[in-house]
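Have a look at the structure below before the remarks.
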Amino acid sequence: VLDSQYGMYVWPCAVVLAQYVWSQRGSLPGKRVLEVGPRAPLAPPPRGCRASVPTSLSVFQVGAGVSLPGVLAAKCGARVVLSDSEELPGCLRNCRRSCLLNHLPHLPVLGLTWGRVSPELLSLAPIDIILGSDVFFDPKDFEDILTMIYFLLEKNPHAQFWTTYQVRSADWSIEALLCKWKLRSTPVPLHSFGADKEHLASSSLPGRHTIEMMIISLAQSDGI
């Protein structure tokens, strides 16, 4: 299972989210970012990337897997903390391996459990942005994910959760859970950041998969 799912596989959503992160690089300086959502190893950063994101930027990725968005931010000069499930040591090893392959041996990697407020979660520094690619993969996890996101947004009321997901069933929805946890979502059209293509960043992804993006924030917050 681990070889074809979760943090051991390059998911189309990761490439789309990384494209959005890159499109927003001008607004990232000074922001503190956490990423939730597994995915892909990284090719060399785009030309000029390091100058675009200063070393003061703090990035946290949850469910990092092989960590494309988080590793991209680190290659651009950000301070990054990555995390994945503490119950999947193989994913955590894969995350660390991705850091080593991208010459980032000192990136911290934390083990967390969605839906559980752990000491590691409580000790996180303030954040501005949470990133998550395809974390809405299995409906049984939806509420645990949003519980954690709500906790982080309550601690950081002006933060936003940038997330991409693959449409797998018309019957799956998080709208009721967003209402329950007093969260709101804003869709982000893929064409608005150049991700409405089958091939991004010289890769074969996202292919013909239907990918959507949204930004989740506290219902009463104006965001960052």
Side-chain angles (χ1 to χ4, degrees), residues 13-14 16-39 52-65 67-74 76-84 107-110 112-136 141-165 174-175 177-188 192-193 212-224:
C13 288
V16 174
L17 184 59
Q19 177 80 4
Y20 185 76
V21 170
W22 177 243
S23 76
Q24 298 297 308
R25 63 194 181 278
S27 67
L28 290 178
K31 293 294 191 296
R32 295 154 296 193
V33 184
L34 163 143
E35 182 177 354
V36 300
R39 320 316 182 212
S52 300
V53 183
T55 55
S56 63
L57 178 62
S58 176
V59 176
F60 186 86
Q61 174 175 355
V62 180
S67 323
L68 175 57
V71 168
L72 172 62
C76 290
R79 295 196 313 270
V80 176
V81 177
L82 305 172
S83 79
D84 210 312
L107 251 58
V109 178
L110 302 179
L112 298 177
T113 298
W114 290 339
R116 176 173 171 261
V117 179
S118 63
E120 291 80 8
L121 200 62
L122 289 169
S123 64
L124 286 176
I127 54 176
D128 297 308
I129 300 169
I130 307 164
L131 300 176
S133 63
D134 215 3
V135 293
F136 297 110
D141 295 324
F142 288 2
E143 184 153 25
D144 285 344
I145 295 163
L146 288 175
T147 300
M148 183 183 66
I149 296 303
Y150 175 78
F151 172 80
L152 292 169
L153 293 178
E154 275 285 291
K155 286 186 63 179
N156 305 273
H158 300 292
Q160 295 179 337
F161 176 35
W162 298 357
T163 182
T164 50
Y165 63 95
I174 63 170
E175 290 303 318
L177 292 173
L178 290 174
C179 184
K180 174 180 177 178
W181 289 102
K182 298 180 173 60
L183 300 170
R184 67 178 179 188
S185 66
T186 303
V188 181
S192 68
F193 57 99
E212 303 287 351
M213 175 163 179
M214 60 184 168
I215 293 176
I216 294 175
S217 59
L218 291 176
Q220 71 273 22
S221 171
D222 292 330
I224 56 175

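Heavy-atom basis, side chains included; hydrogens, waters and symmetry copies ignored.
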Taking the side chain as everything from C-beta on, heavy atoms only, tell me whether K182 gets closer than 4.5 Å to L218.
no
Would a 4.5 Å heavy-atom cut-off, applied to side chains only, mark L121 and F151 as touching?
yes
Could you grab the distance from atom CG of L152 to atom CG of L124, nearest 0.5 Å is fine?
6.5 Å
Quick check: closest heavy atoms across M148 and G115, and the distance to 0.1 Å?
CB-N, 4.3 Å
Determine the sole option in H158, Q160, R184 for which the side chain to side chain donor-acceptor pair (under 3.5 Å) test with S217 is passed.
R184
Where is the tightest heavy-atom contact between I174 and F142, given as atom of each residue plus distance?
CG2-CD2, 3.7 Å
Is K155 reaching over with its side chain to a backbone N or O of I127, donor-acceptor style, under 3.5 angstrom?
no
Considering non-hydrogen atoms only, spot the tightest contact between T164 and V16 and give its length.
CG2-CG1, 3.9 Å
Is any side-chain heavy atom of F161 closer than 4.5 Å to a side-chain heavy atom of L183?
no
Between L153 and I130, does the side chain to side chain contact (heavy atoms under 4.5 Å, CB included) criterion hold? Intermediate values first, please.
CA-CA 9 Å; L153 293 178; I130 307 164; 4.1 Å; yes
On the 0 to 90° scale, with breaks at 30° and 60°, tag the W181-Y150 ring pair as parallel, tilted or perpendicular.
tilted
Run the numbers on T147 and W114 for side chain to side chain contact (heavy atoms under 4.5 Å, CB included), then give the verdict.
CA-CA 8 Å; T147 300; W114 290 339; over 6 Å; no
Can you check whether L178 reaches L146 side chain to side chain, under 4.5 Å on heavy atoms?
yes
Got a second to check how far I216's CD1 is from T186's OG1, nearest 0.5 Å?
9.5 Å
Say you draw a straight line from CG of L112 to CG of D84; how long is it, rounded to the nearest 0.5 Å?
9.0 Å
Out of curiosity, T113 OG1 to E120 CD, how far, rounded to the nearest 0.5 Å?
9.0 Å
Looking at CD of E212 and SG of C13, how far apart are the two atoms once the value is rounded to the nearest 0.5 Å?
9.5 Å
To check you understand the geometry: which heavy-atom pair defines the closest contact between P69 and A14, and what is its length?
CG-O, 4.1 Å
From L107 CG over to L82 CG, what is the distance, rounded to the nearest 0.5 angstrom?
5.0 Å
Donor-acceptor pair, side chain of Q19 and main chain of F193, under 3.5 angstrom:
yes
